[in-house]
Number of protein chains: 4
Amino acid sequence: MARKPLTKPRKYASQERSRATVDALIAATARVLVKEGFDKASTNRIAEKAGVSIGSLYQYFPCKESLVVAVIERHNQELMQVVHATLAEVASQPIEKAVPRLVLAAVEAHRVDPKLHRVLAEQTPRTGKLENIEAYNRDAHALFRAYLEGHRDELRVADLDLATFICVTSIEALTHTAVLHHSEMLTDEAVGRLVDEASRLVLGYLQ
Amino acid sequence: MARKPLTKPRKYASQERSRATVDALIAATARVLVKEGFDKASTNRIAEKAGVSIGSLYQYFPCKESLVVAVIERHNQELMQVVHATLAEVASQPIEKAVPRLVLAAVEAHRVDPKLHRVLAEQTPRTGKLENIEAYNRDAHALFRAYLEGHRDELRVADLDLATFICVTSIEALTHTAVLHHSEMLTDEAVGRLVDEASRLVLGYLQ
Amino acid sequence: MARKPLTKPRKYASQERSRATVDALIAATARVLVKEGFDKASTNRIAEKAGVSIGSLYQYFPCKESLVVAVIERHNQELMQVVHATLAEVASQPIEKAVPRLVLAAVEAHRVDPKLHRVLAEQTPRTGKLENIEAYNRDAHALFRAYLEGHRDELRVADLDLATFICVTSIEALTHTAVLHHSEMLTDEAVGRLVDEASRLVLGYLQ
Amino acid sequence: MARKPLTKPRKYASQERSRATVDALIAATARVLVKEGFDKASTNRIAEKAGVSIGSLYQYFPCKESLVVAVIERHNQELMQVVHATLAEVASQPIEKAVPRLVLAAVEAHRVDPKLHRVLAEQTPRTGKLENIEAYNRDAHALFRAYLEGHRDELRVADLDLATFICVTSIEALTHTAVLHHSEMLTDEAVGRLVDEASRLVLGYLQ
DNA sequence: CATGAATGAGTTTTCATTCAT
DNA sequence: AATGAATGAAAACTCATTCAT
């Protein structure tokens, strides 16, 4: 009876050690991607910055791509957390209130780690396992569509899929471009105007 | 004085030959980019496909990037030709007529060489000289802004720059995504609906 | 004095356990060699297939080579068992009867584990501790030489060492090649003819 | 008319340069194989010893294996030259004269570059493109079979294919083993006895 | 003793670019 | 100018072995 408590922690310890290594590698990958760009982000550099040997890197990630995939997944999860929370929050609100809130959430999502987001968006080739870089978009579409479905009576659109496509694509493009390419739009005031205008765009369309 | 008439043609000939080589190289680059993707598009392969030695390639292009820049410029020029022509065409038309026409033009522009457009958009890192891949957007903004300026009385927007940003970014994103990622939206009927909805989006915002 | 009876069984138990681990490792090595080939047979894979940690593997075998050496020794022992038994069996028989029996034994020996034999013969470099892969040949020579010595009066050869070399090398080569590279020679009938011809070869030489 | 002779040498020069590089690489591969063994023969080491950059190595050989294949082919060609010449020489001779001559040729063939032959035979895995390391054996079989066919009236064997297999396999094994593993058999006298005995083996079988 | 996480030297291979001819 | 042979830095990845737990 005395031994089990002794062995379990040991196992935990080793599990934690693995986990720490994996985390360090993902974090290092993100850091290197941001600092050096996608091309210069070699596995050796990543291992070095993670304070881990190259061998350990390949113990946990079968190839370079999989590291980037892990970073993407972690990043997308963070983005989706914002979107998810916001959609839950506005679920029962009318579109006049919900849409501005959602646009703001999109801005916030892009501000989670804008430098990383930019590297992923602009330097990371959508090839091989990286083809699904924008998988989060699918989730966003589904969530937004569900919201629209719940508020159909407020809408004046025939095709809900098309409406979802129109709204999500526009909001994503506007907030993405604003956050990543127009830093002048990031003052509180400018963000306010952006949110207003984007909301007017979408609301005008939906109603 | 006697020589000039003699050398000029020769010079022309050599200039033409140069021009032909340059064209062949740009065309080969575009072809290789589409066929092999950005990563696999090596200068040696490009030279080979252009029917030119690797040495000659470097006679005309100082580095690989410059080849891709040339392809981008040629492609963007083709895109802008469509946009330019359309904006000239609609310059004096009211926004209700102009906007749908412009959205359609955006679709058409993306259909000029969609495979190349996709490689440039999704696989080509915006690094170094390639940062300006989307330079055509700046032109589009300027042209569209000029159109709006000429139709200010029809608009109900305060900030013309912001309105331009909203409209151009949305139209670009919608047509880009539709053409490159939703082939089901490319039937005549579906394109029609896309144009209708996108126009409604933009017009609802502008008016 | 009281402890010994107590520890001995325990020691036995642990010895047996060790022995089991060692056996599992050797068996796993053989399996992996056959399945993956020599190059792809990594120590980690072997440990895994043996159901043993890599650390334990190195508890029992100082290096990869020594694992392969153990496999070779086990395999050679199995081969030699066949040869040994057959030579004992024919010890007092005249060469006309003994030689065909020995050739058949050579075929049988190669059929003990032909896949492993082939990996050892064709993929395993005779380097370092592995130089003696064909050690079984030395034993075979000695045993065969002893047989010949006992039947010198039936022979018409001057140099017994040379005769041994001639006979054993030929028989080994013929049976090895037939079994491992000419599966068409492995029907009962074909084996019969092979044994006949090889025996005729050797007997014609010895008499 | 004057230009052609001027350009041709240039082309030759470049062809010769390529050829020289290729030759240097094959020669270096053979040297490194002999000196360091198959495992240690890395492409970088080979390029270095060839006095050629690693890039040039891969210009001419797509992978490490292909280098070794080239060495094997060159070596086998040298071996087969000996065998070929000898078989032409003895084509019309009776088997009593021909067989000893052929056995001697086999010894000579193995002495062409015994160290290389040994590395290829004992350290080079028959995997991938290297599976056909012993392709020369097929040629030898065919040539020897043709000789036997031309001397059928001197033979007392039913199945010519089987007879070829028996003879070629035996002679190859005996001379291979003698040359590569029994240096004591390489004095003139010992070689004489080996040739005598091996010939007696084969002749006794054929007649 | 057992475990398995960690190590890192070493390997193959690619490709933009240079430069002698 | 044209050619294409040559370059070599740098990248991804492997695996036998060690060692802290």
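We name chains A, B, ... by the order of the sequence lines, and we start the count at 1 in each one.
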> If each of B:A41 and A:V52 is mapped to the nucleotide of DNA chain E with the nearest heavy atom, which maps nearer the 5' terminus, i.e. the 5' end?
Replying inline: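 Checking each residue's closest nucleotide, the 5'-ward one belongs to A:V52.
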
> Given that C:L57 and B:K40 both sit by DNA chain E, which one's nearest nucleotide is further toward the 5' end?
Replying inline: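 Mapping each residue to its closest nucleotide by heavy atoms, the 5'-most match is C:L57.
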
> Is a side-chain N or O of A:N76 found less than 3.5 angstrom from the main chain of A:I133, in a donor-acceptor match?
Replying inline: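 Checking the backbone N and O of A:I133 against the side chain of A:N76, a donor-acceptor pair under 3.5 Å is found.
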
>> Is it the case that the side chain of B:S53 and the backbone of B:A47 share a donor-acceptor pair, with hydrogens and angles ignored and the cut-off at 3.5 Å?
In response: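 Looks like no, no N/O pair under 3.5 Å.
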
Expressed in angstrom and rounded to an integer, what is the separation of [X] atom [atom1] from [N] atom [atom2]?
| X | N | atom1 | atom2 | result |
| --- | --- | --- | --- | --- |
| A:Q59 | F:dA12 | CD | P | 19 Å |
| C:K64 | F:dT18 | NZ | C1' | 18 Å |
| A:E48 | F:dA11 | CD | C1' | 14 Å |
| C:F61 | F:dC15 | CZ | P | 20 Å |
| D:L67 | E:dT11 | CG | C1' | 14 Å |
| B:R45 | E:dT17 | CZ | P | 18 Å |
| C:D39 | F:dC13 | CG | P | 19 Å |
| A:F38 | F:dA11 | CZ | P | 13 Å |

> Of all residues at least two apart in sequence or in a different chain, which pass the ring pair (Phe, Tyr, Trp, His ring centres under 6.0 Å) check with C:H75?
Replying inline: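 Scan of C:H75 (ring pair (Phe, Tyr, Trp, His ring centres under 6.0 Å), adjacent residues dropped) gives C:H117.
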
By side chain to side chain contact (heavy atoms under 4.5 Å, CB included) - contacts of [X] (at least two apart):
| X | result |
| --- | --- |
| D:E134 | D:R126, D:Y136, D:N137 |
| C:V22 | C:R19, C:I26, C:Y60, C:F61 |
| D:V52 | D:T21, D:L25, D:A50, D:S56 |

Where do N or O atoms of nucleotides 8-10 of chain E meet protein N or O atoms at under 3.5 Å, pair by pair?
| unit_1 | atom_1 | unit_2 | atom_2 | d |
| --- | --- | --- | --- | --- |
| E:dG8 | N7 | A:G55 | N | 3.2 |

Verify the contact: side-chain N or O of [X] to OP1 or OP2 of [N], cut-off strictly under 4.0 Å; return yes or no.
| X | N | answer |
| --- | --- | --- |
| B:Y58 | E:dT17 | yes |
| D:S18 | F:dG4 | no |
| D:Y60 | F:dA6 | yes |

> Start at the 5' end of DNA chain F and walk down; is the nucleotide closest to C:T43 or to B:G51 reached first?
Replying inline: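 Taking each residue's closest nucleotide, the earlier one in sequence belongs to B:G51.
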
> Is there side-chain contact between C:L130 and C:E65, with heavy atoms separated by less than 4.5 Å?
Replying inline: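 In short, these two side chains touch, coming nearer than 4.5 Å.
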
>> Tell me if the NZ atom of B:K129 is crowded by more than 12 foreign heavy atoms within 6.0 Å.
In response: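 Yes, enclosed.
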
>> Is it the case that atom NZ in B:K35 sees more than 12 heavy atoms from other parts of the structure closer than 6.0 Å?
In response: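 Open: at most 12 neighbouring heavy atoms sit under 6.0 Å from NZ of B:K35.
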
>> Consider side-chain hydrogen bond (donor to acceptor under 3.5 Å, both in side chains). Of D:K49, D:R31, D:R45, which one does D:E36 pass it with?
In response: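 Testing D:E36 for a side-chain hydrogen bond (donor to acceptor under 3.5 Å, both in side chains) against D:K49, D:R31, D:R45 leaves exactly one candidate, D:R45.
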
> Got a minute to check which stems DNA chain E is part of, using Watson-Crick or G-U wobble pairs under 3.5 Å, three or more consecutive?
Replying inline: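 So far as stems of 3 or more pairs are concerned, DNA chain E shows E:2-21 with F:2-21.
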
>> Distance check, C1' atoms only: E:dC1 and F:dT21, in whole angstrom units.
In response: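 E:dC1 and F:dT21 have their C1' atoms separated by 13 Å.
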
